[in-house]
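Just so it is clear: chains get the letters A, B, ... in the order the sequence lines come, proteins before strands, and each one is counted from 1.
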Amino acid sequence: MTTRLPEEIVPDNDQTRARAEHLAKIQALVGNAYPNKFERSRLTGGAEGEDTITSVVGAYRKHEPEVKEGGRPTPEQLEEANARLDGAVVRVSGRLATPPRVMGKAAFVHLSDGKERLQIYVRRQEAVAVSNDSLRPVEEEESGWKLFQLLDHGDFVGVEGKLFVTKTGEMSVHVGTIQFLSKALLPMPDKLHGISDPEIRQRQRYADLIASSLKVKTDEGDDDARHGLSTREVFELRSKLVTAMRRHLDDHGYIEVETPMLSPIASGAAARPFTTHHNALDIDLYLRIAPELYLKRLLVGGFERVYELNRNFRNEGISTRHNPEFTMLEFYTAYKDVNWMMDFCEEMLRHTIQTTTGSTTVRFEGQELDFGHRLERLSMKEAIARHLPPLFKEISEPFHISWLDDDLRVREMIALNDAHVIEEASLRSLMTMKIEHGMDEDEAVEEYLDAGKKIDIDKLWSEVRSSSSRLLGHDKSATPLLIQQLFEEFAEQHLFDPTFITDFPKAISPLSKASPDDPAVAERFELYVAGMEVANGFSELNDPAEQLERFEEQTRQREGGDEEAMQMDEDYVKALAYGMPPAAGIGIGIDRLTMLLTNRRSIRDVILFPHMRPRPTSEAQAEADEEQTSDS
RNA sequence: GCACCCGUGGCGCAAUGGUAGCGCAAACGGCUUUUAACCGUUGGGUUGUAGGUUCGAAUCCUACCGGGUGCACCA
């Protein structure tokens with residue numbers, strides 16, 4: 001008798017009790033309920049030559065007779081189909097994908113290998129159970145049938161039998177022997193609805209994956225139908241994407257490298273790092289926020305094309321677009337600049353998306369994303385000008401893009417936007433107050449909207465203008481940050497079609513080269529798709545003296561309180577002093593790209609085990625309850 | 001960190017202040033080509049936790065736990 005698992009792991013209810021009882025009876029019938037292996041036949045060349053359900057279905061399903069929806073094949077068709085199957089005997093294994101359908105003296109059930117399903121047919125007098133101790137038939141009348149009665153939805157079995165086609169035209173295995181392989185002590189997810197609770201889907205991804213492969217396909221528009229792909233398919237696609245990207249880079253002369261994830265300095269990006277501690281050395285280490293500076297050291301060392309595809313860690317907020325660890329592909333190419341990199345990135349995306357999805361267009365949130373043509377390239381200032389809200393167009397003087405070159409004007413635009421946001425907020429809180437004091441909600445909302453229309457932009461604008469002297473007093477060097485702020489405020493969310501944003505302010509790009517045409521502009525781009533930043537690339541700064549200055553500037557900002565300003569890395573500057581060839585580099589967010597290709601709007605849906613607050617242990621929970629009771 | 005929303009048998013959901021219900025799953029019985037199998041019978045709940053308001057709470061209030069979404073931060 002097996003030990004009963006603790007309640008936290010396997011709750012005690014009618015479902016689990018039935019399964020535990022079945023397990024005990026199975027052990028009495030076939031011995032060891034958890035055998036070490038099951039040898040499968042070798043007719044269709046699945047994994048390592050063995051027959052998987054997927055390979056058997058792939059090889060033989062074509063013999064199923066063609067039948068109209070809901071119809072049945074004719075006796076002639078059946079005879080023909082069975083002749084073509086020629087009594088092929090397969091040994092296959094899988095999970096019971098449905099509860100057994102027992103009909104007196106015969107039964108059907110589907111087995112799943114996670115991807116495909118294959119029906120097995122068990123007859124009372126014929127099926128023989130195989131003992132897991134002796135590997136010989138169990139010496140008992142109707143042993144296979146007895147074993148079958150003890151099977152639950154989700155158990156693993158191996159069967160051997162002839163392939164045939166049933167009356168309804170479905171290819172099935174006519175079971176000769178059946179071997180028990182493993183027990184599902186916990187009930188399977190609902191066969192029709194799967195798991196809808198996002199918490200369980202993400203915390204217990206295994207259950208979500210089971211649900212996604214066992215779910216019965218219906219005509220109803222369910223979750224999968226809306227998204228197009230099941231959970232399993234999302235991660236299959238992700239894997240294909242990563243493989244395609246590796247292959248593309250390998251084919252273009254890149255070598256894959258691995259650089260430290262633990263580092264005494266967290267640099268190469270603007271982000272807050274995780275801290276950890278090395279006991280033997282007694283030093284604090286950081287989890288890397290980007291591999292960038294190590295990869296460029298390799299350019300110094302003589303590798304002309306390198307890439308790394310792995311995790312970065314950033315100690316920041318969690319959202320639908322951010323996970324504390326995320327996968328980034330970074331690669332560097334000697335003797336190339338930012339323009340080459342945009343072309344290469346575009347070509348690489350086109351090619352890998354085509355390979356993984358079969359098309360260069362992607363459906364995301366009901367809209368079409370087209371990677372098949374040359375992607376739009378827009379300077380940051382052009383993007384701001386294009387997506388400027390009406391607020392700025394209504395004011396007395398028509399907006400002109402040259403405003404973005406004027407420090408004072410940029411400040412005024414920020415101030416105007418702030419003033420407007422504050423105005424809106426106060427209206428909103430007024431509305432809330434009115435509702436709290438008993439005003440009809442619809443009425444309050446209407447009043448709020450009316451008031452919103454009446455916000456006097458010209459008045460706000462003149463107020464902003466009159467405080468110009470105060471605005472002028474501000475540090476001019478902050479302007480690039482404000483430009484970026486305007487971009488994020490107005491433009492970013494509207495960049496749905498894949499768009500390269502170019503001409504970043506140099507001051508916010510401490511690792512990239514300045515443009516030969518404009519010393520204030522960096523040769524840098526970011527790729528935006530569906531309002532998300534997906535890639536970030538630039539001509540790599542390789543002048544050690546200038547790099548040192550840029551680091552020093554970052555250090556000043558750090559000391560001024562900017563926790564995310566980049567950390568000085570002296571050894572990196574030293575590497576540059578050995579000479580780094582001109583080069584272009586890029587980082588591509590794999591999670592976000594996967595979101596686009598799988599039509600998922602949350603990053604948690606494309607990461608197998610996204611980070612969540614740990615569940616309190618049962619003792620901790622009891623303690624917390626205890627505390628509450630004693631408090632009150 | 002802030003705001004809003006959610007938490008009901010194993011799973012998916014219903015019940016808006018008045019007897020906690022339905023489908024799937026489970027148990028038992030019937031059925032030798034079914035497939036969201038079918039037919040009959042049965043069991044299963046301290047409504048996330050703790051407190052409060054009320055004659056009466058799944059429903060209203062407070063706090064806590066967990067989750068989702070949006071904002072902030074960021075890629």
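Across the strands present, B:rC60 finds its partner in B:rG52; the criterion is a Watson-Crick or G-U wobble pair with both atom distances under 3.5 angstrom. Nucleotide B:rU16 forms a pair with no other nucleotide shown, judged by Watson-Crick or G-U wobble geometry with both contacts under 3.5 Å. Using N1 to N3 plus N6-O4 or O6-N4 for Watson-Crick, or N1-O2 and O6-N3 for G-U wobble, each under 3.5 Å, B:rG66 pairs with B:rC6. Both distances falling under 3.5 Å, in either a Watson-Crick or a G-U wobble arrangement, place B:rC71 opposite B:rG1. When both pairing distances are held under 3.5 Å, B:rU32 makes no Watson-Crick or G-U pair with any nucleotide shown. When both distances must be under 3.5 Å, the Watson-Crick or G-U wobble mate of B:rG23 is B:rC11.
Taking 3.5 Å as the limit, the base of B:rU32 and the side chain of A:Arg123 contain a donor-acceptor pair of atoms between them. No hydrogens or angles were tested; on distance alone, a donor-acceptor pair under 3.5 Å links the side chain of A:Asp190 to the base of B:rG23. Side-chain atoms of A:Glu170 and base atoms of B:rU34 include no donor and acceptor less than 3.5 Å apart.
Neither OP1 nor OP2 of B:rA27 sits under 4.0 Å from any side-chain N or O of A:Arg17. In this model, the phosphate group of B:rG68 is approached by a side-chain N or O of A:Gln202 to a distance below 4.0 Å at OP1 or OP2. Note on A:Arg604: a side-chain N or O is less than 4.0 Å away from OP1 or OP2 of B:rU69. A:Thr320 has no side-chain polar atom (N or O) that falls below the 4.0 Å cut-off from OP1 or OP2 of B:rU69. Contact annotation: A:Arg601 side-chain N/O to B:rG70 OP1/OP2 distance is under 4.0 Å. In this model, the phosphate group of B:rA37 is approached by a side-chain N or O of A:Arg101 to a distance below 4.0 Å at OP1 or OP2. Applying the 4.0 Å criterion to OP1 and OP2 of B:rA27, one finds that A:His22 has a side-chain N or O inside that range.
Positionally, the nearest nucleotide of RNA chain B for A:Pro189 lies more toward the 5' end than for the other of A:Pro189 and A:Ser172. The residue among A:Asp197 and A:Lys105 whose nearest nucleotide of RNA chain B lies closer to the 5′ end is A:Asp197.
Between A:Phe496 and A:Phe364, the ring-plane angle classifies as tilted under the 30° and 60° cut-offs.
Base engagement by A:Gln119 is indicated by at least one non-hydrogen atom pair under 4.0 Å involving a base atom. Counting any heavy atom pair closer than 4.0 Å across all strands shown, A:Ala270 reaches sugar-phosphate atoms only and no base atom. In this structure, A:Val534 reaches neither bases nor backbone, as no heavy-atom distance under 4.0 Å exists between it and the strands shown. Contacts of A:Asn315 with the nucleic acid, taken as non-hydrogen atoms under 4.0 Å apart, are absent.
Donor-acceptor pairing under 3.5 Å is recorded for the side chains of A:Gln119 and A:Arg101. No side-chain donor from either of A:Glu116 and A:Thr54 sits under 3.5 Å from a side-chain acceptor of the other.
In terms of the side-chain hydrogen bond (donor to acceptor under 3.5 Å, both in side chains) criterion, A:Glu488 has no residue partners (sequence neighbours excluded).
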Taking only nitrogen or oxygen atoms into account, show me every contact under 3.5 Å that the protein makes with nucleotides 6-8 of chain B, one pair per line with its distance.
none

Stepwise side-chain hydrogen bond (donor to acceptor under 3.5 Å, both in side chains) test for A:Thr259 and A:Glu308: CA-CA 8 Å; A:Thr259 65; A:Glu308 179 161 10; 2.6 Å; yes

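A ring-centre distance under 6.0 Å is found for A:Phe487 and A:Tyr528. Ring to ring, A:Phe490 and A:His387 are not that close: their centroids are 6.0 angstrom or more apart.
Ion pair A:Arg232/A:Asp208 not flagged as a salt bridge, since none of the NZ, NE, NH1 or NH2 atoms sits closer than 4.0 Å to an Asp/Glu carboxylate oxygen.
Comparing the C1' positions of B:rA25 and B:rG10 gives an interatomic distance of 7 Å, to the nearest angstrom. Between B:rA15 and B:rU54, the distance separating the two P atoms is 28 Å to the nearest Å.
In this structure, the side chain of A:Arg592 engages the main chain of A:Arg321 through a donor-acceptor pair within 3.5 Å.
The side chain of A:Ala106 has B:rU32 as its nearest neighbour among B:rU32, B:rA75, B:rG10.
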